[in-house]
Amino acid sequence: MIRVQQEDFDIGVEIAALKAGRTDIGAVVAFLGTVRDQDGAIAALTLEHYPGMTERELGRIEAEAQARWTLQASLIVHRVGTLRPSDNIVLVLTASAHREAAFAAAEFLMDYLKTRAPFWKRESGPDGSRWVEANAKDDAAGGRWRTSKDAAE
Amino acid sequence: MRLLYFAWVKEKTGIGAEDIDIPASVTTVAELMAWLKTRGPEFEHAFARSEVIRAAIDQSHVRHDAHLAGAREIAFFPPVTGG
């Protein structure tokens, strides 16, 4: 399941909902991304997105993870709007019978989300505001999951 | 055709969305960006570094050599920075 929202989320509530009524889950992996200040340089982070494409792209990324690994359940929640240092930005949950699939799928979901989901961050602080630039390390992390089929596209 | 602009592309063009008729001679994403640049200083500025701008046709990522035939919505934006 995927959600894009302004409101905060509660990781405990989300995990409980994912597991509710299920007895086939042996492992849940959670990734929580939060707003990081850089020595007082960041007072706020504003996330813009492409409504419609964001949901489609997150759905596609989730379907790809479900195709690659046997997952009992998964969840991606991404916030938009203006956030402050230490606020939650993104939550990825993956649930599987054994830990290997959940760990790998959570990492894959975050790597793909970072390079494909249409979100843009704008940082503001005492020195004004600026668009955050894409990180080559994220591109490399996204690239390592590519298959020969992707490369042909 | 509906064109959408996001993040600094939107900031530079000064608009987030528009409905526009494009010349029949413009058939690819790269050609569309080159044509958009001729529409005035804001567009020239927004698309000056067109090689770094990403595009989507009908909400799917595409490369700059993608054809526009049949497209309803084309979006231009910087590399994504979510997560």
Side-chain angles (χ1 to χ4, degrees), chain A residues 2 4 31-36 45-61 76-80 83 88-92 106-107 109-123 129-139 141-142 150-153, chain B residues 1-20 27-30 32-33 36 41-83:
Chain A
I2 64 117
V4 179
F31 173 83
L32 176 64
T34 60
V35 180
R36 181 170 56 95
L45 190 66
T46 301
L47 275 135
E48 178 179 329
H49 77 122
Y50 179 175
M53 180 170 172
T54 308
E55 290 80 0
R56 283 177 64 151
E57 202 59 37
L58 291 178
R60 222 175 269 162
I61 293 165
I76 305 173
V77 183
H78 204 298
R79 293 182 71 194
V80 292
L83 308 175
N88 295 327
I89 305 177
V90 60
L91 175 67
V92 163
E107 199 171 13
L109 286 171
M110 274 312 299
D111 284 350
Y112 253 47
L113 182 156
K114 283 251 178 201
T115 54
R116 300 192 60 84
F119 292 100
W120 301 276
K121 290 188 184 117
R122 191 175 174 84
E123 293 173 346
S129 69
R130 63 174 194 100
W131 291 102
V132 173
E133 293 211 17
N135 183 339
K137 250 168 59 189
D138 289 336
D139 281 342
D150 298 329
E153 280 171 3
Chain B
M1 193 174 284
R2 186 156 185 80
L3 299 187
L4 302 175
Y5 311 101
F6 292 96
W8 56 252
V9 183
K10 175 169 79 179
E11 234 168 47
K12 290 176 179 176
T13 60
I15 51 171
E18 61 179 335
D19 290 299
I20 191 168
T27 62
T28 66
V29 168
L32 178 55
M33 288 196 290
L36 286 169
E42 292 84 6
F43 279 85
E44 198 182 336
H45 179 47
F47 288 92
R49 289 162 61 218
S50 61
E51 68 282 359
V52 305
I53 293 178
R54 307 295 166 90
I57 293 182
D58 295 334
Q59 306 189 350
S60 290
H61 291 285
V62 293
R63 299 190 336 188
H64 288 184
D65 59 2
H67 285 269
L68 306 179
R72 293 183 306 278
E73 181 175 294
I74 303 177
F76 292 103
F77 44 78
V80 302
T81 55

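Quick note on labels: first sequence line is chain A, next is B, and so on, each numbered from 1.
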In terms of heavy-atom pairs under 4.5 Å, which option from Gly16(B), Ala7(B), Pro79(B) contacts chain A the most? Ala7(B)

Show the nearest heavy-atom pair for residues [X] and [Y], with the distance to one decimal.
X: Arg116(A); Y: His61(B); value: O-NE2, 2.6 Å
X: Phe6(B); Y: His49(A); value: CE2-O, 3.5 Å
X: Trp120(A); Y: Val80(B); value: NE1-CA, 3.7 Å
X: Gly83(B); Y: Lys114(A); value: C-NZ, 3.9 Å
X: Gln59(B); Y: Pro51(A); value: NE2-O, 4.1 Å
X: Ser60(B); Y: Arg60(A); value: OG-NH2, 3.1 Å

Got a second to check how far Glu123(A)'s CD is from Thr81(B)'s OG1, nearest 0.5 Å?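 If I round to the nearest 0.5 Å, the distance is 9.0 Å.
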
Tell me whether the count of non-hydrogen atoms from other residues, nucleotides or ligands lying under 6.0 Å of CD in Glu18(B) goes above 12. yes

Validation row: Glu48(A), Lys10(B) side chains within 4.5 angstrom (heavy atoms):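 Of all side-chain heavy-atom pairs linking Lys10(B) with Glu48(A), at least one is under 4.5 Å.
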
